[in-house]
Amino acid sequence: MRREGSPFQGLGVVVLKELSDHLSSWRMRVLEWLVVIAAVAVLVPPTFGAIAQIKETIAQDPFLFLKLFTRAGGALPLAAVLSFLVPLVAIGLGFDLVNSEHNQRTLSRVLSQPIYRDALLLGKFLAGLATISISMVALWLLIIGIGVFMLGTPPGAEEMARAFIFLGVTIAYAGVWLALAMLFSVVFRSPATAALITLGLWLFLTILWPMLSPVVASMVFPSNDVLEVLNWQQALARLSPGDLYNEVVAVLLDPSVRSTQQSMFASMGLILIERGAIPDAPIPVLQSLLVVWGQIVGLVAGTILLFVISYIVFQRQEVRA
């Protein structure tokens, strides 16, 4: 049987309906409090957090506002907090996107309307990503607003450009975990099973894989060349979306970083100096973007790949009334 009309017919209706459900649900209330608590806990009390450190240690810095994202006001800087918070939010929104329709027996009713599976799956994903984007934009504006109020100086154009790219990369990072959660929501009919498997995979890739990747690299690719071993370790570590995100953040929010391997060499007591470059001199935002362009493309490609797998599995499933 040949389909008639666009496969995305009804996409806007699905997005608006799902977005309305997300924004009016208890999950959004929890998400709003997480945004406020994350911003306030990192930047403000009990000793004015990162802002107090910036005032005490930095007198003249052309990239003062970027320190709001990288200076640790409490136990972790804001960028590190987001690397843990964003996957949890995405998994919380995506683990029951599809299987809840199966369990409530509403999927057949929805598909009986002039809405194809293409539009339904894409609409659910876009609505979830839009919900996360709204939260991240609110957090981003809150950080900038607190910084302007407490520091008394407005951010520069390059600072805003870097912060805006950082916001976009954070949303792309959320898209990877949302697509993964939606994939397991399609595969498993039980929301609890989908949530547990997604959280387990997140814990493995975020906590265990960075510790296992050097061991795997030394066993699979033995070599006496230290640089070759480090390259293989970094390549295997990049299988984790969190590692890709941390590399992008390290380069974007610190203009003096010229390579994604700079922190790795620093941990070994080595300094990476390019020929003709001035150590610790800032580089333009476009050059920083070029350094991490591969990592950004990797995050977007991972999101697309996971969504395509979800689409193929969902198209092959039988829907009964």
Side-chain angles (χ1 to χ4, degrees), residues 35-36 38-44 48-73 76-83 85-86 129-130 132-175 244-263 266 272-274 276-300:
V35 167
V36 175
V40 174
V42 173
L43 295 182
V44 188
F48 293 105
I51 294 180
Q53 294 185 13
I54 293 174
K55 287 183 176 180
E56 291 177 0
T57 59
I58 301 176
Q60 299 293 330
D61 193 328
F63 302 100
L64 191 64
F65 268 81
L66 296 181
K67 306 298 181 184
L68 296 174
F69 299 96
T70 57
R71 283 300 177 99
L76 292 172
L78 182 63
V81 171
L82 288 179
S83 68
L85 179 62
V86 168
L129 192 61
I132 299 174
S133 300
I134 292 172
S135 303
M136 292 300 103
V137 169
L139 177 60
W140 186 80
L141 292 175
L142 188 60
I143 296 298
I144 297 297
I146 293 176
V148 172
F149 178 76
M150 299 300 300
L151 297 176
T153 57
E158 185 165 349
E159 287 179 299
M160 289 300 298
R162 289 179 179 272
F164 187 77
I165 297 173
F166 166 70
L167 173 62
V169 172
T170 303
I171 295 174
Y173 178 56
L244 294 177
Y245 177 72
N246 290 331
E247 287 185 5
V248 175
V249 169
V251 174
L252 281 179
L253 298 183
D254 189 352
S256 64
V257 176
R258 297 172 176 268
S259 172
T260 56
Q261 295 180 334
Q262 192 163 326
S263 59
L272 181 63
I273 300 178
E274 297 180 1
I278 302 176
D280 296 330
I283 60 177
V285 61
L286 290 179
Q287 291 189 18
S288 295
L289 189 60
L290 289 176
V291 171
V292 294
W293 183 250
Q295 286 80 348
I296 297 175
V297 172
L299 290 175
V300 177

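Given the structure is predicted, the values throughout are model-derived calculations rather than measurements.
Scored by the side-chain contact (heavy atoms from CB on, under 4.5 Å) test, Val291 finds Val251, Thr260 as partners (sequence neighbours excluded). Evaluation of the side-chain hydrogen bond (donor to acceptor under 3.5 Å, both in side chains) rule for Asp254 yields Ser256 as partners, not counting sequence neighbours. With sequence neighbours excluded, no residue forms a side-chain hydrogen bond (donor to acceptor under 3.5 Å, both in side chains) with Gln287.
Looking at Tyr245, its side chain never comes within 3.5 Å of a backbone N or O of Ser83 through a donor-acceptor pair. Remark: side-chain polar atoms of Trp140 are not paired, donor with acceptor, to backbone N or O of Phe166 under 3.5 angstrom.
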For a side chain to side chain contact (heavy atoms under 4.5 Å, CB included) check, start with the C-alpha distance between Ile171 and Ile132, then their side-chain angles and the critical distance, and finish with the verdict. CA-CA 7 Å; Ile171 295 174; Ile132 299 174; 5.8 Å; no

Side chain to side chain contact (heavy atoms under 4.5 Å, CB included), that's the test. Do Gln295 and Val169 meet it? Break it down for me. CA-CA 10 Å; Gln295 286 80 348; Val169 172; over 6 Å; no

Leu139 vs Leu82, side chain to side chain contact (heavy atoms under 4.5 Å, CB included): CA-CA, chis, key distance, verdict: CA-CA 10 Å; Leu139 177 60; Leu82 288 179; 3.4 Å; yes

Assess the residue pair Val248 and Ile165 against the criterion (side chain to side chain contact (heavy atoms under 4.5 Å, CB included)); give the C-alpha distance rounded to whole Å, side-chain angles, the decisive distance to 0.1 Å, and a yes or no. CA-CA 10 Å; Val248 175; Ile165 297 173; 6.0 Å; no

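Leu66 and Ala163 make their closest contact through CD2-N, 4.4 Å (heavy atoms, listed as atom of the first residue, atom of the second, distance). Of all the heavy atoms in Leu244 and Gly298, the pair that sits closest is CD1-C, 4.4 Å. Of all heavy-atom pairs spanning Arg162 and Ile283, the tightest one is NH2-O, 2.7 Å. Between Val86 and Met136, the shortest heavy-atom distance links the atoms CG2-SD, 3.8 Å.
To the nearest 0.5 Å, atom CG of residue Leu85 and atom CG of residue Leu78 are 9.0 Å apart. The distance from atom CG of Leu286 to atom CD of Glu158, rounded to the nearest 0.5 Å, is 8.5 Å. Between the CG atom of Leu252 and the CZ atom of Phe164 there is a distance of 13.0 Å, given to the nearest 0.5 Å.
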